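Single-structure report; data block below.
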Amino acid sequence: MRVSVAGAGLGGLCLAQGLRQAGIEAEVYERDPAITARFQGYRLVLNPAGFAALQGCLPPRWHPLLDAIVGDAYGERLVLDPRLNKIGELGPGRTGTVVDRHVLRHLLLTGLTVHTGAALTGYDVLDDGRVEARFADRDPAVADLLVGADGIGSRVRATLSPRTTPIDTGVRFVIGRTPLTEQFAGLSRAFGSKIAGDGVSLLLGAMRFRTPPKQAAEELAPEVTLPDVRDYVRWAMILPPAGSAGPSPQEAVLSKMDGWHPDLRALVEQSDPDNSTLLSIRVVEPGERWAPGPVTLLGDAIHATSPTGGNGANTALRDADLLRRCLADGRQDLLGAVGDYERQMFEYGAEAVRHSLDALPAFVPQRESV
Ligand SMILES: Cc1cc2nc3c(=O)[nH]c(=O)nc-3n(C[C@H](O)[C@H](O)[C@H](O)COP(=O)(O)OP(=O)(O)OC[C@H]3O[C@@H](n4cnc5c(N)ncnc54)[C@H](O)[C@@H]3O)c2cc1C
């Protein structure tokens with residue numbers, strides 16, 4: 001069996017690793033001209049199920065490396081005012097494993113065949129039941145199965161399920177990262193908490209690697225090359241619905257922080273301007289089903305969640321693990337395996353989107369009064 005995977009995000013790469021373990025040939029096609037073309041190194045919190053799914057797709061010899069390059073999620077989950085005084089509680093503490101997306105992607109890339117600069121434009125199901133993927137700047141690729149792991153704007157979904165389209169929640173946020181120096185260690189109470197300002201919310205999370213990733217790979221799995229990333233604080237400012245980021249994302253955040261605790265302002269001032277971006281919160285709700293065939297979807301392409309749910313990557317990894325197990329299970333044919341995967345994925349995928357939307361209001365500030 002040969003599988004084409006569109007998209008080298010976490011879901012697509014994790015699937016390709018899982019298939020490789022199962023002896024199934026898989027090639028990944030990524031639109032970006034290089035894996036590092038866009039900086040995508042934010043921190044993710046993986047829950048136990050997401051972490052287990054990731055482990056399930058990786059060769060056991062890399063498990064010690066994986067354990068070394070993650071961190072522990074912690075935080076008091078308080079609501080603080082901009083001077084860091086407690087004014088409420090956000091809910092039960094969120095435990096889990098924190099992982100840097102950029103580092104994890106490098107681990108997942110190891111040993112795979114990944115074609116970059118390969119933007120999928122569409123596909124055709126052939127008379128013999130196989131599928132031919134078409135690309136903007138390269139020859140088509142034929143496989144037994146095409147998996148659209150091409151994110152929220154999925155081109156695969158546009159053909160397979162054209163009525164399933166992203167919904168814009170209207171909520172915008174600016175995300176950035178700042179090296180975790182001594183100065184910011186004292187902000188630990190704010191990690192995992194919400195800082196409620198005037199018309200905005202600021203969320204902070206620490207990424208503390210158990211071992212620096214580059215060093216961990218050199219010591220534990222020399223065949224893996226990981227980037228030299230150090231501990232950092234990930235911050236995200238959620239703006240009111242339809243709020244605008246203004247001049248530059250970083251300046252817009254600072255303009256909302258007059259009178260805030262000096263360490264909070266310093267955190268944004270010292271962030272890397274190249275790594276602060278304005279993002280919109282959009283979701284994809286899986287609804288319409290299609291008859292199982294040689295094309296399927298995975299991750300944000302079919303169930304994009306709001307980041308406030310903290311479950312998009314977890315669900316994409318769960319998809320990857322489930323699909324590789326269905327495909328590797330010799331008891332059913334390809335369409336049976338795809339149908340089995342889709343039946344389960346649709347159910348928990350829809351639930352993940354609902355959960356993330358339920359969590360959104362707690363983080364969205366009220367509109368500033370005029
Ligand atoms: C700020 C932020 C924080 C988050 N925090 C968490 C968290 O704590 N926990 C959690 O579980 N989730 C979190 N998420 C969500 C999580 O990052 C995503 O759900 C997850 O990365 C989705 O993975 P994916 O592989 O489906 O898609 P993506 O990671 O979006 O990957 C899709 C890939 O497909 C490529 N592509 C797109 N179009 C094409 C094309 N036409 N042809 C070929 N390739 C294409 C893209 O370039 C990209 O590389 C967060 C998201 C954000 C933005």
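Read the numbers this way: they start at 1 and go in the same order the structure lists the ligands and their atoms. Just so it is clear, the model here is predicted, and its values are computed rather than measured.
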Would you check whether [X] has a nitrogen or oxygen atom less than 3.5 angstrom from a nitrogen or oxygen atom of ligand 1?
| X | result |
| --- | --- |
| G312 | yes |
| A313 | yes |
| R101 | yes |
| T305 | no |

Practice prompt. Could you tell me whether E285 and R354 make a salt bridge, using a distance below 4.0 angstrom between a side-chain N and a carboxylate O?
Written response: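 No, this pair does not count.
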Discussion item. For R325, is there an ion pair with D321 - N to carboxylate O distance below 4.0 angstrom?
Written reply: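 Salt bridge between D321 and R325, a charged N being under 4.0 Å from a carboxylate O: yes.
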Report, in ascending order of atom number, the atoms of ligand 1 lying under 4.0 Å from any heavy atom of [X].
| X | answer |
| --- | --- |
| G7 | 33 (C), 34 (O), 35 (C), 44 (N) |
| G151 | 27 (O), 30 (O), 32 (C) |
| I175 | 1 (C) |
| A149 | 32 (C), 33 (C), 34 (O) |
| G299 | 26 (O) |
| G11 | 25 (O) |
| V45 | 7 (C), 8 (O), 9 (N) |
| G9 | 25 (O), 29 (O), 31 (O), 33 (C), 49 (O) |

So, 4.0 Å and heavy atoms of [X]: is ligand 1 close enough to count as a contact?
| X | value |
| --- | --- |
| A118 | yes |
| R234 | no |
| R105 | yes |
| G310 | yes |

Discussion item. Which option wins on minimum heavy-atom distance to atom 14 (N) of ligand 1: L120, D150, L44?
Written reply: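 Closest candidate by heavy-atom distance is L44.
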Worksheet item: Among F135, Y29, Y42, which one has a heavy atom closest to atom 2 (C) of ligand 1?
Response: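 Of the listed residues, Y42 has the closest heavy atom.
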Discussion item. For R31, which part has a heavy atom under 4.0 Å from ligand 1: side chain, backbone, both, or neither?
Written reply: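 Both of them.
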Worksheet item: Any side-chain heavy atom of T169 within less than 4.5 Å of one from L357?
Response: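 A side-chain contact exists here, since the closest heavy-atom pair is under 4.5 Å.
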Fill in: Ring geometry between H115 and Y29 (parallel below 30°, tilted from 30 to 60°, perpendicular above 60°)
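Answer is parallel, since the angle falls under 30°.
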Show the atom names and distances, to 0.1 Å, of all donor-acceptor pairs under 3.5 Å that link a side chain in residues 131-138 to residues at least two apart or in another chain.
from: R134; atom 1: NE; to: D124; atom 2: OD2; distance (Å): 2.9
from: R134; atom 1: NH2; to: Y123; atom 2: O; distance (Å): 3.3

Worksheet entry | Distance-only donor-acceptor check, side chains Y232 and D100, under 3.5 Å |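 Checked: Y232/D100 side chains pair up, N/O donor to acceptor below 3.5 Å.
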Discussion item. Testing the 3.5 Å rule here: is there a donor-acceptor pair between the side chains of E342 and T296?
Written reply: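 Indeed, the side chains of E342 and T296 share at least one donor-acceptor pair under 3.5 Å.
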Fill in: Nearest heavy-atom neighbours spanning P179 and F184
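Taking every non-hydrogen atom into account, O-CD1, 3.6 Å.
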Item to complete: Run the numbers on R83 and D81 for salt bridge (Lys or Arg N to Asp or Glu O under 4.0 Å), then give the verdict.
Response: CA-CA 5 Å; R83 306 296 302 179; D81 71 16; over 6 Å; no
Worksheet item: Listed by chain and number, what are the side-chain contact (heavy atoms from CB on, under 4.5 Å) partners of S271, not counting sequence neighbours?
Response: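 If we apply the side-chain contact (heavy atoms from CB on, under 4.5 Å) test to S271, skipping adjacent residues, the hits are T178, W235, Q250.
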Practice prompt. Give a yes or no on this: more than 12 heavy atoms of other residues, nucleotides or ligands lie within 6.0 Å of atom CD of E347.
Written response: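 At most 12 heavy atoms, drawn from other residues, nucleotides or ligands, come within 6.0 Å of this atom.
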Worksheet item: Got a sec: does the CZ of R289 have more than 12 other heavy atoms crowding it under 6.0 Å?
Response: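 Above 12, so yes.
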